[in-house]
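Below you'll find the structure, written out as structure tokens, and then a few comments.
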There are 2 protein chains.
Amino acid sequence: MVDQHQPGTSALSVLRPFTETDLQSLAARAYARIREAIVAGSLAPGQRISERGLAAALDISAQPVREALRRLEVEGMVETRPRSGTYVADLGRDRLFEIGLIRATLEAVSARLAAERATAADHAAMRARLEAIAGAMRSEDAAAVTLANEALHDAIHAAAASRDVTRLLEGLRAYDHLTRERILSTAEERATALAEHQAIVDAIIAGEPQAAEAAMKAHALRSLSVALP
Amino acid sequence: MVDQHQPGTSALSVLRPFTETDLQSLAARAYARIREAIVAGSLAPGQRISERGLAAALDISAQPVREALRRLEVEGMVETRPRSGTYVADLGRDRLFEIGLIRATLEAVSARLAAERATAADHAAMRARLEAIAGAMRSEDAAAVTLANEALHDAIHAAAASRDVTRLLEGLRAYDHLTRERILSTAEERATALAEHQAIVDAIIAGEPQAAEAAMKAHALRSLSVALP
DNA sequence: CCCTGCCATCTGCCATGGTAGATCAACACC
DNA sequence: GGTGTTGATCTACCATGGCAGATGGCAGGG
């Protein structure tokens, strides 16, 4: 059964769908804004931030701000001392390195599960992402390569089909932008990463969980050592 | 400079400090209560729960309940469909197995960091926990062995001194009680676990991160396969 | 100088009330 | 019989107001 309401095939496709942020809750949007500010450094580590102050700055009530801060607290980006104040957490090199370690092992689990569960469609998707990376490399566009790499990782997560692994990695994603900047900056590094990605995908498609896990872990750890020398 | 207000040395030590739950926020207590109910099965998977309903049952306002549900949501124990309802997440065998996989890798990271950072005091603490396990085993008390095992793991986490690893493991801790029941039920299993724990601690004290990580991972995975056959 | 109790101020925390969206049943219509 | 409509009801969501605890400065007594 083909979905008759597929966008792009109907005459109603002139109507753009609502953008993501339009129908998100205020709390979710506040979370995103505050997180961006922390990652960008606008809110410095150790700085004291208050619910009411953020609420006034965002021109909303204090309650959704409070929810956003609670979520940021669970993800380790802010700390709250009861009845006292909320402070943005430290994001020093050691902390980022630890998070990188965690991320590496979670990515490895993702690759392992993908090798166990990937369908033919998943295989095709991953191969397409690899092609996209190679194409982006030929165009010498470092940013495009980074985007393509993230797309490949997303495809692997989709193949792993594990809500929990995806959820935890999503919680660590905020920290990525702090480390992924200097990575893939050289052509040599990009070539190495492509080879590693190739090996990972090969292991997944071959259905070898152990190999996929090991390959992904080695890749993530090596990337980490490049990003945070 | 010695702190003159150290409890136990002053005449005021007759006053017991407040218990933990007395000064916890309503949201934190609501979180604990709801989580318990879910783990115990009182709130069945798929069941629809509402903020106001829970608030009425706990005899508090809806707002702290809402915060508790948000936290449970990021931990994957409930799911919220916007403007519609909140539902208890599924906790089937596959889900628990995946979480066990994640837990194993995080514990392995913890052991790795412990091997890199443990101080002499940490070594002493871990040795003491091992002794406690052996003592509990001689008394043939399975519950005591389980408690002692958890104490050892806590000591390893303390030696790892990683706020993020500890934080993530804490988020997974709610699921442990669903799997740790049938584990360690036989004497043979307890003996195997003790030997594995011994190997882990040895590697940590020897300062061998790779070995510690591998030993912990093998231990956690084998325990998982026993708990969820 | 050091310490202690006091007080103004700020902060997180919670209760209350109200609103828009989702859901579903009943119903009218073709 | 399927289709669209309506309306009642439930839900998550948010704004407002107020409160207890934490904080830091200050005055007064050692």
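Just so it is clear: chains get the letters A, B, ... in the order the sequence lines come, proteins before strands, and each one is counted from 1. Remember, it's a predicted structure, so these values are computed and weren't measured experimentally.
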Answer yes if the side chains of D122(B) and T119(B) hold a donor-acceptor pair under 3.5 Å, and no otherwise. yes
E51(B) CD to dG18(C) P, straight-line distance once rounded to whole Å: 18 Å
Ignoring hydrogens and angles, are the base of dA22(C) and the side chain of R83(B) linked by a donor-acceptor pair under 3.5 Å? no
Using the side-chain heavy atoms of Q63(B), tell me which of these nucleotides is nearest: dA15(C), dT11(D), dC14(D). dA15(C)
Starting at atom CD of E79(A), determine the distance to atom P of dA22(D), rounded to an integer number of angstrom. 18 Å
Salt-bridge test for R95(A) and E98(A): reply yes if a basic N is under 4.0 Å from a carboxylate O, no otherwise. no
Is any side-chain heavy atom of V165(A) closer than 4.5 Å to one of H157(A)? no
Would you classify R52(B) as touching base, sugar-phosphate or nothing, given that sugar-phosphate means primed atoms plus P, OP1 and OP2, and contacts are heavy atoms under 4.0 Å? base
Between P on dT11(C) and CG on L54(A), what's the gap in Å once rounded to a whole number? 11 Å
Within this structure, what is the CG-to-P distance between D59(B) and dC14(C), rounded to whole angstrom? 14 Å
When rounded to the nearest 0.5 angstrom, what is the spacing between CG in L224(A) and CZ in R103(A)? 9.5 Å
Would you say a side-chain N or O of S25(A) is under 4.0 Å from OP1 or OP2 of dA12(D)? no
Could you check R81(A) against G85(B) and say which one's nearest nucleotide on DNA chain D is further toward the 5' end? G85(B)
Rounded distance in Å - CD (E67(B)) to P (dC14(D)): 13 Å
Rounded to whole Å, please give me the gap between CG in L26(A) and C1' in dA20(C). 12 Å
Using whole Å, report how far CZ of R29(A) lies from P of dA12(D). 19 Å
Answer yes or no: is there an ion pair linking R167(B) with D164(B), defined by an N-O contact shorter than 4.0 Å? yes
For P82(B) and for P64(B), find the nucleotide of DNA chain C with the closest heavy atom, then tell me which residue's nucleotide is more 5'. P64(B)
Across the strands shown, which category fits L69(B) at heavy-atom distances under 4.0 angstrom: base, sugar-phosphate, nothing? nothing
Does T86(B) make a side-chain N or O approach to OP1 or OP2 of dA12(D) shorter than 4.0 Å? yes
Among dA15(D), dT23(D), dG12(C), which nucleotide sits nearest the side chain of R66(A)? dG12(C)
Spacing between I49(B) atom CD1 and dC10(D) atom P, to the nearest angstrom: 18 Å
side-chain N/O S84(B) vs dT11(D) OP1/OP2, d < 4.0 Å: no
